[in-house]
Student: 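This structure is in structure tokens; I'll ask about it shortly.
All ligand and atom numbering here is 1-based and tracks the order in the structure.
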Amino acid sequence: MNYYTQQLARLKATLSASDQYSLAAQLAQKALLKEVCLSPKPGLVDSINSGAHRDMNFDTFIRSIDAITPYLERFYCHGLSASNIDESVLLSGLRQIGLACEQAMFSATGHVNTHKGGIFAFGLLLGAIGQLESQQQTINCHTICQKVAGICRGMVDKELIQKQTVSTVGENLFKKYQLTGARGEAESGYMTVNNIALPAYLSMRQQGYDEETSLLQALLYLLAYNNDTNLVSRGGMAGLQFVQQAAKALIDKGGMCHHASRASLADLDQQLIARHLSPGGSADLVAITWFLAQYI
Ligand SMILES: CC(C)(COP(=O)(O)OP(=O)(O)OC[C@H]1O[C@@H](n2cnc3c(N)ncnc32)[C@H](O[C@H]2O[C@H](COP(=O)(O)OP(=O)(O)OP(=O)(O)O)[C@@H](O)[C@H]2O)[C@@H]1O)[C@@H](O)C(=O)NCCC(=O)NCCS
Ligand SMILES: Nc1ncnc2[nH]cnc12
């Protein structure tokens, strides 16, 4: 067992024993783990380096996932208890759990934002699965995303378009560039994942590529097409355009099917680090891609 595998096994052993959790919560924890372990990810924390981050590393993410895991089960159970609750009311209950989860994350990471967007996304996905189960509905990728869209219906209008004050990165970027970020993606029912990342991942799997290469292909497509507010908050629209154009150029050369693909990703990693660019939103969507692939 090489050092990296030993390191991962040691860190995984510190994670909360997840055997008492629902399958959905265990899959969500696994999705977060698979995302941070996926390497090489341009600009992002992975098993090789910390990308464009000076305030967090691989261990920070493992500690964050360990802190978040109990709340994944709470999101699911909240949905399970909400069979007769309107979807809009479900959101406020999930948000209360989400805010507590954010605090647990910040306590575990020394107040570094590792998974704020990931907590938002998996809070919605797990709450959706719980409510579908309580209503004895079919549970698959389509019904989960449809339920999330229902829970978030009107969120962009209420929390971005109608909002007069600006208190977060996302709200500021909406005012400046009309980017809807994590809220828009959720209210769309994870359209970028369903229309771009998941097809890219599944196509690679169907061609016989391994899971890691297929997830890197999904990441490449997300870098090319996702309007990641993290990139804009760090490098403006020029930063987002730089990453999207670079990713599209790699896709045009065959993406992860090209024999030099990993070397090209490592080179792009160095370019993003030099520019202090980190596509954190796309990292979250990779985790969501793997998670939803379990429900195809
Ligand atoms: C609803 C919120 C997500 C609102 O947060 P905000 O108003 O800030 O909205 P966004 O900017 O739109 O998104 C926040 C995070 O979502 C991720 N994200 C960004 N773009 C997208 C996208 N197009 N699709 C999906 N997800 C997206 C991203 O999160 C990841 O990156 C963060 C780490 O990167 P980093 O650069 O380090 O971030 P910072 O520390 O902020 O920058 P530096 O200081 O280091 O330079 C990490 O969060 C990843 O998850 C965006 O950051 C939500 O926050 C909210 O309102 N919460 C309240 C309670 C709640 O709803 N909880 C959940 C229960 S349902
Ligand atoms: N691996 C990662 N590196 C940096 N930001 C992230 N946000 C979510 N996953 C991330």
Side-chain angles (χ1 to χ4, degrees), residues 31-58 60-62 64-65 68 71-72 74-75 78-79 90-103 105-106 109 111-128 148 151-152 155-156 159-160 163 166-175 177 179-188 190-193 197 219 222 225-235 239-240 269 272 276-289:
L32 292 171
L33 266 175
K34 284 186 179 279
E35 181 279 304
V36 70
C37 293
L38 185 65
S39 305
K41 294 196 298 286
L44 294 162
V45 171
D46 57 28
S47 64
I48 299 167
N49 62 38
S50 297
H53 296 273
R54 297 186 188 87
D55 60 350
M56 55 190 184
N57 58 27
F58 187 81
T60 319
F61 271 81
I62 295 296
S64 177
I65 293 167
I68 288 169
Y71 293 87
L72 299 174
R74 288 179 56 186
F75 287 126
H78 185 73
L90 186 62
L91 176 62
S92 62
L94 290 173
R95 275 204 141 139
Q96 281 176 13
I97 301 168
L99 286 167
C101 184
E102 271 181 32
Q103 290 314 307
M105 172 195 76
F106 282 129
T109 63
H111 212 75
V112 171
N113 171 19
T114 44
H115 288 110
K116 189 178 171 192
I119 290 167
F120 175 68
F122 280 103
L124 294 166
L125 290 162
L126 290 167
V148 169
I151 294 169
C152 296
M155 180 181 281
V156 167
E159 297 184 16
L160 295 175
K163 193 90 180 313
V166 171
S167 50
T168 67
V169 169
E171 290 164 6
N172 182 41
L173 294 176
F174 178 77
K175 199 155 284 303
Y177 304 113
L179 293 175
T180 58
R183 291 180 180 85
E185 185 63 22
E187 187 170 359
S188 77
Y190 291 104
M191 190 179 289
T192 307
V193 172
L219 176 62
L222 288 165
Y225 298 103
N226 178 38
N227 289 327
D228 193 323
T229 60
N230 285 71
L231 289 173
V232 182
S233 71
R234 283 165 169 256
L240 176 65
D269 184 35
L272 266 63
H276 191 55
L277 291 173
S278 171
S282 298
D284 287 343
L285 295 188
V286 167
I288 296 166
T289 299

Student: A128 and V148: which non-hydrogen atoms are nearest, and at how many Å?
Tutor: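 Closest approach of A128 to V148: CB-CG2, 3.8 Å.
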Student: Are any protein N/O atoms closer than 3.5 Å to the N/O atoms of ligand 2? If there are, list each pair with names and the distance to one decimal place.
Tutor:
residue  : atom  : partner : partner atom : Å
ligand 2 : 1 (N) : E35     : OE2          : 2.8
ligand 2 : 1 (N) : V45     : O            : 3.0
ligand 2 : 3 (N) : V45     : N            : 2.9
ligand 2 : 9 (N) : E35     : OE1          : 2.9

Student: Quick test: of every protein heavy atom, which one is nearest to atom 24 (N) of ligand 1, and how far off is it to 0.1 Å?
Tutor: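 I find the closest protein heavy atom is E185 CB, 3.8 Å.
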Student: If we count only non-hydrogen protein atoms and require a distance under 4.0 Å, does atom 26 (N) of ligand 1 qualify as touching the protein?
Tutor: yes
Student: For ligand 1, note which part of N226 has a heavy atom under 4.0 Å away: side chain, backbone, both or neither.
Tutor: side chain
Student: Among V112, N230, I288, which residue places a heavy atom closest to atom 31 (O) of ligand 1?
Tutor: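 Comparing heavy atoms across V112, N230, I288, the nearest one to atom 31 (O) of ligand 1 lies in N230.
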Student: Given 3.5 Å as the limit, does a donor-acceptor pair link the side chain of D284 with the main chain of G118, or not?
Tutor: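 Confirmed, D284 side chain pairs with G118 backbone.
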Student: Tell me which part of E159 gets within contact of ligand 1: side chain, backbone, both or neither, using heavy atoms under 4.0 Å.
Tutor: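 Neither part.
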Student: So, are R95 and E102 salt-bridged, with charged N and O less than 4.0 Å apart?
Tutor: no
Student: Can you check which of L173, L285, T168 brings a heavy atom nearest to atom 6 (P) of ligand 1?
Tutor: T168
Student: From atom 5 (O) of ligand 1, work out which of M105, M56, K163, K116 has a heavy atom at the shortest distance.
Tutor: K116
Student: Hey, looking at atom 65 (S) of ligand 1, which of Y71, F120, F122 has the closest heavy atom?
Tutor: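 It is F120 that holds the nearest heavy atom.
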Student: Locate the shortest heavy-atom distance separating G170 from L160; write the atom from each residue and the value.
Tutor: O-CD2, 4.3 Å
Student: Can you classify the ring geometry of H111 versus F106 as parallel (below 30°), tilted (30 to 60°) or perpendicular (above 60°)?
Tutor: parallel
Student: Only heavy atoms count here, so choose which of G280, G51, G170 is nearest to atom 10 (P) of ligand 1.
Tutor: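 Minimum heavy-atom distance to atom 10 (P) of ligand 1 goes to G170.
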Student: What protein heavy atom lies closest to atom 15 (C) of ligand 1? Include the residue and the distance to one decimal.
Tutor: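 Checked against all protein heavy atoms, atom 15 (C) of ligand 1 sits closest to G117 CA, 3.7 Å.
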Student: Heavy atoms only: which of R234, H53, R54, H276 lies closest to atom 45 (O) of ligand 1?
Tutor: R234
Student: Below 4.0 Å, non-hydrogen atoms only: which portion of D284 touches ligand 1? Side chain, backbone, both or neither.
Tutor: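 D284 to ligand 1: side-chain contact only, backbone stays beyond 4.0 Å.
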Student: Just need the protein heavy atom nearest to atom 13 (O) of ligand 1, so name the residue and atom and give the distance.
Tutor: A182 CB, 3.7 Å
Student: Using a strict 4.0 Å cut-off to heavy atoms of G118, name the atoms of ligand 1 that fall inside it.
Tutor: 50 (O)
Student: List for me each residue that meets side chain to side chain donor-acceptor pair (under 3.5 Å) alongside T180, sequence neighbours excluded, and say none if there are none.
Tutor: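 Not a single residue meets the side chain to side chain donor-acceptor pair (under 3.5 Å) criterion with T180.
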Student: Counting heavy atoms only, which of T114, V232, T229 comes nearest to atom 19 (C) of ligand 1?
Tutor: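 Minimum heavy-atom distance to atom 19 (C) of ligand 1 goes to T229.
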